[in-house]
Amino acid sequence: PETGCLSIIVLGASGDLAKKKTFPALFNLYCQGFLPPDEVHIFGYARTKISDDDLRNRVCGYLVNDRSASPSEDVSKFLQLIQYVSGSYDGADGFQLLDKEITKHEISKSSQEGSSRRLFYLALPPSVYPSVCRMIRKYCMNKSDLGGWTRIVVEKPFGKDLDSAEQLSSQIGELFDEPQIYRIDHYLGKELVQNLLVLRFANRFFLPLWNRDNIDNVQIVFREDFGTEGRGGYFDEYGIIRDIIQNHLLQVLCLVAMEKPVSLKPEHIRDEKVKVLQSVLPIKDEEVVLGQYEGYRDDPTVPNHSNTPTFATVILRIHNERWEGVPFILKAGKALNSRKAEIRVQFKDVPGDIFKCQKQGRNEFVIRLQPSEAMYMKLTVKQPGLEMSTVQSELDLSYRQRYQGVTIPEAYERLILDTIRGDQQHFVRRDELKAAWEIFTPLLHRIDHGEMKPIPYRTGSRGPAEADELSAKAGYVQTHGY
Ligand code: BG6
């Protein structure tokens, strides 16, 4: 591993993302020894004029760690690594000052042999990405003779449609090369999402079955049991398709559907993901159901006549040899009856069924990403007892039981470590982003122009009944019990 000075600069340090995700992830990495204090310094940067201690106090409340033996001692040591610099997002002064502070720290650590590394984490709204990137490029690049690097981490939303995303990509692309840009989709940092490649390509069970001959349909579902609480302003501009489906669920779809990569090299994996995205057919209006929960417009930051969907079911069809005819049902919603993210791969009925058991349900392979990570296979077995009757049961791998005592890392923790190590496998490449926007832009424009309307649904429900009807029409058979 590389050694030498590492400066992590969190821009937008006083914002929500930084407090809730970025700093806690850095803290967890620190507690596990990935951020050695003799090499690492953390800078918070934002417009607010506050002191180092103010920032430390703000961050402190969000630091929870279940791994370390003496949490409070770790917290105070970690907080000592954080320094605050205030400045604007488009003015030279702030960034010159930031560079001066980073350089000071690099000089103070210069007894260490090695290169200097600068990681800029943009926990900011995308509207300021271009100016911030320009300032970093102009004033804050790594200058060490011993080598090293400058990398930037950006978060979605990357644009609002194909054109705006491409414009943003070009603006950033003029300043940084692709290997310097880390576009986070935090779903790629989740344990069971990272497990998909292993499951699919390291198990003989799945290899021959993973295709249109055996699989009837695939559902990728995201549910939240709370509304847009406090984020109504942001959410209303984007809606559920831009917030969840175009990125998180589509990334999962890529990993479920892609062909085997040549190797595990990030570029090989990302090449295969792009091919899947490019094979998706245009979305048909009749394969979309939109919803909006009742009460959404009561949020004072949401316009009274908002047409923004808080729920959507969209069927994607992949035009290739493996998947022709298999619907991928993507479903996401806020203010529903439960909080869950899962992948359901439903197999076709057994031909020539002699047990007449088909009504009990089909074979289904479920990967639950959260909560309580698990994988289970629904299968038909003989009902124990004297009669020859059948029943649906499960082969169940529940992580909590199987991996007792193992802490599953937070998505952000893993992804930030990847950025330090220079591994781009779990980050979205520019052409991948473009292909993802190509799929959804026509639909999004129709919604934006009011040509498609969300159906109201009750808070705490399953969403509009029309969505279940659409899934059933696409071939999904609801099974009960598990
Ligand atoms: C974010 C969305 O990207 O993901 C939020 O902007 C959503 O609206 C969140 O709540 C869900 O993430 P997780 O990891 O809790 O499923």
Side-chain angles (χ1 to χ4, degrees), residues 12 15-22 24-25 28 62 64 121-127 153-160 165 182-196 219-253 255 290-293 296 299 301-302 306 308-312 330-343 367-374 399 407-416 426-428 433 436-437 440 444 454 459-460 463:
D16 246 25
L17 176 70
K19 276 187 305 204
K20 292 186 182 155
K21 299 286 183 191
T22 321
N28 281 340
Y62 290 92
V64 258
Y121 193 112
L122 276 61
L124 292 167
S127 52
V153 183
V154 286
E155 278 271 345
K156 71 155 219 309
F158 308 112
K160 289 193 75 178
Y182 288 72
R183 296 180 195 86
I184 282 201
D185 181 315
H186 79 282
Y187 266 59
L188 292 177
K190 291 190 187 274
E191 182 67 36
L192 263 64
V193 174
Q194 296 207 340
N195 196 22
L196 283 168
Q219 274 205 70
I220 304 174
V221 183
F222 167 97
R223 300 170 179 280
E224 263 177 358
D225 54 2
F226 48 91
T228 54
E229 285 138 38
R231 297 170 76 221
Y234 150 82
F235 190 88
D236 198 69
E237 238 191 275
Y238 290 89
I240 198 78
I241 297 179
R242 292 182 177 97
D243 191 46
I244 304 286
I245 301 183
Q246 181 267 355
N247 32 69
H248 302 330
L249 300 196
L250 199 56
Q251 284 294 327
V252 172
L253 175 142
L255 295 166
L290 305 175
Q292 188 185 73
Y293 66 84
Y296 169 69
D299 181 331
T301 56
V302 170
S306 168
T308 301
T310 59
F311 173 100
L330 271 46
K331 186 186 279 193
K334 300 247 170 204
L336 296 177
N337 53 350
S338 61
R339 176 172 178 261
K340 201 184 266 190
E342 62 184 12
I343 306 163
I367 301 164
R368 189 164 64 225
L369 309 179
Q370 65 191 37
S372 319
E373 292 85 348
Y399 272 44
T407 309
I408 296 182
E410 278 289 316
Y412 278 94
E413 195 178 318
R414 211 189 295 256
L415 295 174
I416 293 176
H426 304 295
F427 294 83
V428 183
L433 178 66
W437 277 118
F440 284 101
L444 288 166
T459 300

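Both ligands and their constituent atoms are indexed starting at 1 by order of listing.
- Y187 carries K190 over the face of its six-membered ring, with the cationic atom under 6.0 Å from the centre and within 45° of the normal.
- Distances from atom 12 (O) of ligand 1 to the heavy atoms of K190, E155, H186 show the closest one on H186.
- The nearest heavy-atom contact from the protein to atom 3 (O) of ligand 1 is K156 NZ, 2.6 Å.
- Under a 4.0 angstrom heavy-atom cut-off, Y187 registers as being in contact with ligand 1.
- Side-chain rings of F222 and H248 stay apart, their centers remaining 6.0 Å or farther from each other.
- Close contacts between ligand 1 and K334 involve ligand atoms 5 (C), 7 (C), 8 (O), 10 (O) [criterion: under 4.0 Å to a heavy atom].
- Under 4.0 Å is where a charged nitrogen must lie from a carboxylate oxygen, and between D225 and K340 no such pair does.
- The closest donor-acceptor contact from the side chain of D299 to the backbone of G230 lies at 3.5 Å or more, if one exists at all.
- Between the CG atom of D185 and the CG atom of L250 there is a distance of 9.0 Å, given to the nearest 0.5 Å.
- Given atom 11 (C) of ligand 1, the protein heavy atom at minimum distance is E224 OE2, 3.6 Å.
- Annotation: atom 15 (O) of ligand 1 to nearest protein heavy atom, R339 NH2, 3.3 Å.
- Salt-bridge check for E224 with K334: passed, with a basic side-chain N closer than 4.0 Å to an acidic carboxylate O.
- Compare I240, I184, D243 by their heavy atoms: the one nearest to atom 8 (O) of ligand 1 is in D243.
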